[in-house]
Amino acid sequence: MEPFDLSGRTGIVTGGSIGIGFAIARSFARAGMKVVIGNRSRDAGEKAVEALRKEGGEAIFVPLDVMSLDAIDAHVSAVVKAYGRIDVLVNNAGMIVRRRAEEVSEADWDSVIDVNLKGAFFCSQRVGREMIAARRGSIINISSLRSAKMAQERSVYAISKAGVSNMTRALAYEWGKYNIRVNAIAPGTTITDINRRHFESHPDQLEDILRTIPRGRLGDVQDYCAIAAYLASDASDFMTGQTLYVDGGTTIC
C-alpha cells in the first residue's frame with residue numbers, strides 16, 4: 001500500500017469547504033497530506049479547516065478567488081511560503097446555471113466559464129510553474145459527466161466541463177516531460193446541498209435522472225475520495241491526461 005501514501009505532501013483544494021471538495025480534502029488529510037483549503041468565504045474555509053484539525057489532520061485556509069489572477073498568485077505564493085512545496089492541486093471550485101440555452105445571458109456565460117474553466121486553467125498555470133521547477137506534481141481537475149452526456153438546461157455548464165476535460169489532456173501533453181500528471185474526475189449527479197435543494201423542488205427531474213443511472217442511485221460526495229487519493233499518489237504514476245467517469249454507469253447508457 002506504500003504507493004498510496006500521501007504523508008508529507010502538500011495539496012490545494014479549491015472550493016474545498018463544502019461538498020465534493022471538502023470530502024476530497026478530508027480524505028487527503030486522513031491519508032497524511034497537508035491540506036490547503038482555498039475559497040472566497042473565510043468563514044466557510046476556516047470552519048472546514050477546524051473540522052479537519054479536529055480529526056487530527058493538518059490543514060490551513062488561504063483565501064482564493066479563482067476569477068482573479070492576482071488572487072490566484074497571492075494564494076499560491078502564500079502556500080509556498082507556508083509549506084515550501086505544492087505536490088497536488090485539485091481544481092474543484094465550480095458553479096452551475098440551470099437555464100435553457102435560448103435564455104442564457106452573457107453574465108450567465110461569463111460567470112460559469114470564468115469559474116469552471118478559466119479559473120481552473122489559471123490555477124493550474126500558477127501551480128504548474130511551481131511543479132515544473134520541482135519536476136513533480138499531480139493536478140486533478142473536477143469535470144462532470146455532462147462533459148460527455150447532455151441534459152436539459154445545462155448548456156453552458158456542459159460546455160465548461162468539456163473544456164475542463166480537454167484542458168486536462170492539453171496540460172498533460174505539455175507537462176508530462178516535467179513529471180507532472182494531469183487527470184480529471186467526472187462525477188455523476190451527486191447529492192450535494194445545492195442539488196438536494198434543487199431536487200426537493202423538482203422531484204420529477206430526480207425521477208428522470210435516476211432512471212438513467214444503472215447503479216440506481218445518485219452519487220455521494222464520498223464516492224470520489226478514493227479515486228482522488230489514487231490520482232494524488234504515486235500509485236497512478238503512469239496515468240495522465242485521463243478523465244475518469246465516476247457516475248454509476250450513466251455515460252454507458
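Because the structure is predicted, anything quoted here is derived from the model rather than measured.
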In terms of side-chain heavy atoms, does S105 have a donor or acceptor partner in D108 at a distance below 3.5 Å? yes
Please name all residues satisfying side-chain hydrogen bond (donor to acceptor under 3.5 Å, both in side chains) with R129, sequence neighbours left out, ordered by chain then number. Q125
Would you check if there is a donor-acceptor pair between the side chains of S147 and Y245 at a distance under 3.5 Å? yes
Would you say the side chain of M239 lies within less than 4.5 Å of the side chain of L244, judging by non-hydrogen atoms? yes
If the threshold is 4.0 Å, N to carboxylate O, is there a salt bridge linking E50 and K54? yes
So, for V66 and I72, which heavy atoms are closest and what is the spacing to 0.1 Å? O-CD1, 3.5 Å
Is the backbone N or O of P187 less than 3.5 Å from a side-chain atom of D247, with the two atoms forming a donor-acceptor pair by type? no
Between S143 and N141: side-chain donor-acceptor atoms closer than 3.5 Å: no
Below 4.0 angstrom, N of the basic side chain to O of the carboxylate: do D223 and R215 qualify? no
Look up atom CG in N183 and atom CD in Q242, then write down how far apart they are to the nearest 0.5 Å. 6.5 Å
Please list all pairs meeting ring pair (Phe, Tyr, Trp, His ring centres under 6.0 Å) that have one or both residues in residues 180-212, counting only residues at least two apart or in different chains. H198-H202
Identify the residue among V221, D220, V246, L145 that makes a side chain to side chain contact (heavy atoms under 4.5 Å, CB included) with T190. V221
Please check if atom CD in Q152 has more than 12 non-hydrogen atoms from other residues, nucleotides or ligands closer than 6.0 Å. no
Criterion salt bridge (charged side-chain N to carboxylate O under 4.0 Å, His left out) against D87, the qualifying member of R181, R136, R9, R135: R136
K161 side-chain N/O to A148 backbone N/O, donor-acceptor pair under 3.5 Å: no
R169 and T243: side chain donor to acceptor below 3.5 Å: no
Are more than 12 heavy atoms, taken from residues, nucleotides or ligands other than K149, located less than 6.0 Å from that residue's NZ atom? yes
Do other residues, nucleotides or ligands put more than 12 heavy atoms under 6.0 Å from E106 CD? no
Are more than 12 heavy atoms, taken from residues, nucleotides or ligands other than R40, located less than 6.0 Å from that residue's CZ atom? no
Using a 3.5 Å distance criterion without hydrogens, assess whether the side chain of D208 forms a donor-acceptor pair with backbone atoms of Q205. no
Assess the side chains of S124 and N91: does a donor N or O sit below 3.5 Å from an acceptor N or O? yes
When you compare the side chain of C253 with that of T212, does any pair of heavy atoms fall below 4.5 Å? no
Using modelled atom types only, decide if a donor and an acceptor are shared between the side chain of T192 and the backbone of G19 within a distance under 3.5 Å. no
Indicate the atoms forming the closest heavy-atom contact of I37 with G16, along with that distance. CD1-O, 3.3 Å
